[in-house]
Amino acid sequence: MKTGTKVMTAFLILIIVAGAGVIGYVWNGMQPLPTEDREITVTIEPGTGTSSIASRLEAEGVIKNALIFKGYLKYKNEGSRFQAGTYAFQPGVTYDEIIARLNQGDVVPDKMIRFTIPEGYTVAQIADKLADEGVVNKENFLKLTNDISWLSGQSDLAAHIPTDDNIKHPLEGYLFPETYEMREESSEEEIIVRMLEEMQQRLMDISPSWEDELQNKNLTLHQWLTAASLIEREVVVDDERPIVAGVIFNRMKQSMKLQIDATVQYALDKPKERLYYKDLDIESPYNTYQIDGLPPGPIASPSSASLEAVLHPEPSDYLFYVTKKDGSYTHLFAKTYEDHLKNIEKSKQTAGE
C-alpha cells in the first residue's frame, strides 16, 4: 500500500474514532442521572437566560452537562417559553421532561397559611392573635398599623384616613374580619394590604356606588366605618343592627351624646367585664359619654352586617336602648327617657329567665 493511501486511511480512521467519541460523549451526557427517591429544588429567577438555567441545573445535580443541554435546547428550538419559579426535580428526569415542566411553569406550590380575624376584633387583638399563631411579628405589625405612610399608592382606602392625633390606631376598623389564606412567607405589609383589599371589596359588595351614597348622607368613609364599629361592639343580633344605627343617627341629629359603653371600653387600658359610673368619666376622645358625636375613629373591625346597617339604618323615633338580661342579647328600645327607665326595670326583671 502506498504511503499516501496509508496516511489517508489512518486519517479517516481517526475521524471516525473522534466522531464516535463525540457521539458517545454527547449521548452519555444526555442520559438521565440515576433515579433517586429525593427532590432537588431549583429556583429560576425572572429574566434568567437558558444558559444560566442550564448551568444551574447542572450545579444542582439535575442534569449531567449544561453544554449538552443548551445544545439540545437549540436543536429542539426550546427555551423561549421557560417560566420563572421554584421547581422540584427528582434525579433521573429526562431533558424532555425538564423542558415540559419549565414551559408549563410546573412550579412547587407555595406553602400556605390560614388565619381568621373574628368580627369585632381591635387592631391590638388582631396583632395578638396573629403573633400567637406565628403569622406576624406583633411589634412590627402594630408599627405598620400606626405609621401608615408606607401605604401610599398601595391602598385606596388608606387615603380616606384623616390625619388626627386623637386616633388611637389609624388602621383600626379598616382591616376586614375574615378567614384568609396567604403564602407562608407573606410579610406583615402584604397581610395588611390583603385585609384592606378585602374591606374594599366588601364595601363594593354592599353598594357598588357606596361613595355616592355616603355623599348623599353627608358621611365620610371614616365615619361609616366608625359608626359600624360601634354597632359591631354593641349589637349581637343582626336584625337589630339597623335599628341601633337609626338610634345613633337620631341622637346625633338631636345633638345628644351617644353614650355607648363600648367606646368607654375601648378608651380603657384594659376592658372590663362591667363598667362603673366612675369609668364613664374617663377623659378620652373615644368616651362618647363625654364627647359629642362619633369618636375620632373606629373601635373595632366591623362586619358586613354592621356596615350595611349604617348605610341603610331602619327609620324610627328611638333614642334609647338597653340590653335584656335574659341571655338573648336583644334590646328594649324607647323613644323617651321615661320609657327608657321603664325598659331598664323590665330588663332587670328578665334576668335569669
Side-chain angles (χ1 to χ4, degrees), residues 22-117 126-127 129-141 143-144 150-151 153-155 175 178-198:
V22 170
I23 293 172
Y25 173 78
V26 172
W27 182 87
N28 180 66
M30 290 179 60
Q31 298 309 299
L33 290 161
T35 302
E36 297 181 39
D37 188 19
R38 65 184 180 91
E39 286 188 340
I40 302 172
T41 301
V42 179
T43 299
I44 308 299
E45 300 293 343
T48 304
T50 54
S51 180
S52 296
I53 291 174
S55 298
R56 185 67 187 274
L57 292 173
E58 179 184 352
E60 297 292 342
V62 178
I63 60 175
K64 290 181 179 179
N65 191 299
L67 182 62
I68 294 174
F69 183 69
K70 286 186 286 185
Y72 188 76
L73 292 178
K74 289 183 179 180
Y75 169 71
K76 299 282 286 187
N77 194 28
E78 292 283 1
S80 62
R81 295 183 293 124
F82 287 174
Q83 300 183 43
T86 299
Y87 296 82
F89 299 104
Q90 284 189 316
V93 68
T94 67
Y95 279 6
D96 288 336
E97 289 172 331
I98 294 172
I99 292 169
R101 293 182 62 183
L102 291 173
N103 281 336
Q104 295 167 8
D106 185 14
V107 298
V108 176
D110 289 327
K111 291 183 178 179
M112 306 298 288
I113 53 173
R114 189 180 179 88
F115 57 89
T116 298
I117 305 302
I126 293 172
K129 187 175 190 296
L130 294 183
D132 289 343
E133 295 174 5
V135 177
V136 302
N137 175 279
K138 178 181 176 180
E139 288 71 23
N140 192 39
F141 185 86
K143 179 181 178 181
L144 292 169
W150 64 275
L151 276 171
Q154 296 198 55
S155 171
L175 306 180
E178 180 59 281
T179 296
Y180 294 89
E181 190 170 27
M182 299 184 67
R183 292 182 301 104
E184 190 175 57
E185 301 83 9
S186 296
S187 65
E188 286 87 357
E189 290 89 345
E190 290 171 328
I191 290 171
I192 290 172
V193 169
R194 173 69 186 87
M195 296 172 77
L196 288 170
E197 290 172 346
E198 187 66 24

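Note that the numbering runs from 1 along the sequence shown for the chain. Every value quoted in this text rests on a predicted model; they were computed, and no experiment measured them.
For the atom pair Ile68 CD1 and Glu58 CD, the distance stands at 9.0 Å (nearest 0.5 Å). Atom-to-atom distance recorded for Glu198:CD and Tyr180:OH is 5.0 Å, nearest 0.5 angstrom. Atom CZ of Arg114 and atom CD of Glu184 lie 15.0 Å apart (nearest 0.5 Å). The structure places CG of Leu175 at 6.5 Å from CD1 of Ile192, a figure rounded to the nearest 0.5 Å. One distance of note links CE of Met195 with CZ of Phe115; it measures 6.0 Å at 0.5 Å rounding.
The side-chain hydrogen bond (donor to acceptor under 3.5 Å, both in side chains) search around Glu60 returns Arg56, not counting sequence neighbours. The side-chain contact (heavy atoms from CB on, under 4.5 Å) search around Ala100 returns Gln104, not counting sequence neighbours. Every residue two or more places apart in sequence or in another chain was checked for a salt bridge (charged side-chain N to carboxylate O under 4.0 Å, His left out) with Lys76, and none qualifies. In this structure, the side-chain contact (heavy atoms from CB on, under 4.5 Å) partners of Thr48, at least two apart in sequence or on a different chain, are Ile44, Glu45, Ser52, Ile53. With sequence neighbours excluded, the residues satisfying side-chain hydrogen bond (donor to acceptor under 3.5 Å, both in side chains) with Thr179 are Thr116. Partners of Gln90 under the side-chain hydrogen bond (donor to acceptor under 3.5 Å, both in side chains) rule, at least two apart in sequence or in another chain, do not exist in this structure. Scanning for salt bridge (charged side-chain N to carboxylate O under 4.0 Å, His left out) contacts around Asp96 gives an empty result, with sequence neighbours left out. By the salt bridge (charged side-chain N to carboxylate O under 4.0 Å, His left out) test, Glu133 is found to be paired with Lys129, residues two or more places apart in sequence or in another chain being considered. Residues forming a ring pair (Phe, Tyr, Trp, His ring centres under 6.0 Å) with Phe69 (at least two apart in sequence, or on another chain): Tyr95. With sequence neighbours left out, Glu178 forms a salt bridge (charged side-chain N to carboxylate O under 4.0 Å, His left out) with Arg202. Under the rule for a ring pair (Phe, Tyr, Trp, His ring centres under 6.0 Å), Phe82 has no partner lying at least two apart in sequence or in another chain. Under the rule for a side-chain contact (heavy atoms from CB on, under 4.5 Å), the partners of Ser186 that lie at least two apart in sequence or sit in another chain are Met182, Arg183, Glu190, Ile191.
Using the six-membered ring where Trp is involved, Tyr72 and Tyr75 have ring planes that are tilted, between 30° and 60° apart.
Between Phe89 and Leu102, the shortest heavy-atom contact is CZ-CD2, 4.4 Å. When all heavy atoms of Ala54 and Ala66 are compared, the pair lying nearest together is O-CB, 3.5 Å. Smallest separation of non-hydrogen atoms from Ala127 and Lys138: CB-CG, 4.1 Å. Residue Leu196 comes nearest to Ser155 through the heavy atom pair CD1-OG, 3.6 Å, listed as atom of the first residue, atom of the second, then distance. The shortest heavy-atom contact between Gln83 and Gly105 is NE2-N, 3.5 Å. Closest approach of Arg81 and Asn103 over heavy atoms only: NH2-ND2, 3.2 Å.
Counted by atom type alone, Asn137 and Glu188 present zero donor-acceptor pairs between their side chains at under 3.5 Å.
In this structure the side chain of Phe141 reaches within 4.5 angstrom of the side chain of Ile126, judged on heavy atoms. Two residues are said to be in side-chain contact when any heavy atoms from C-beta on lie closer than 4.5 Å; Val107 and Thr86 fail this criterion. Looking at heavy atoms from C-beta onward, Ile40 lies in side-chain contact with Pro91 at the 4.5 angstrom threshold. No side-chain heavy atom of Leu151 sits less than 4.5 Å from a side-chain heavy atom of Leu144.
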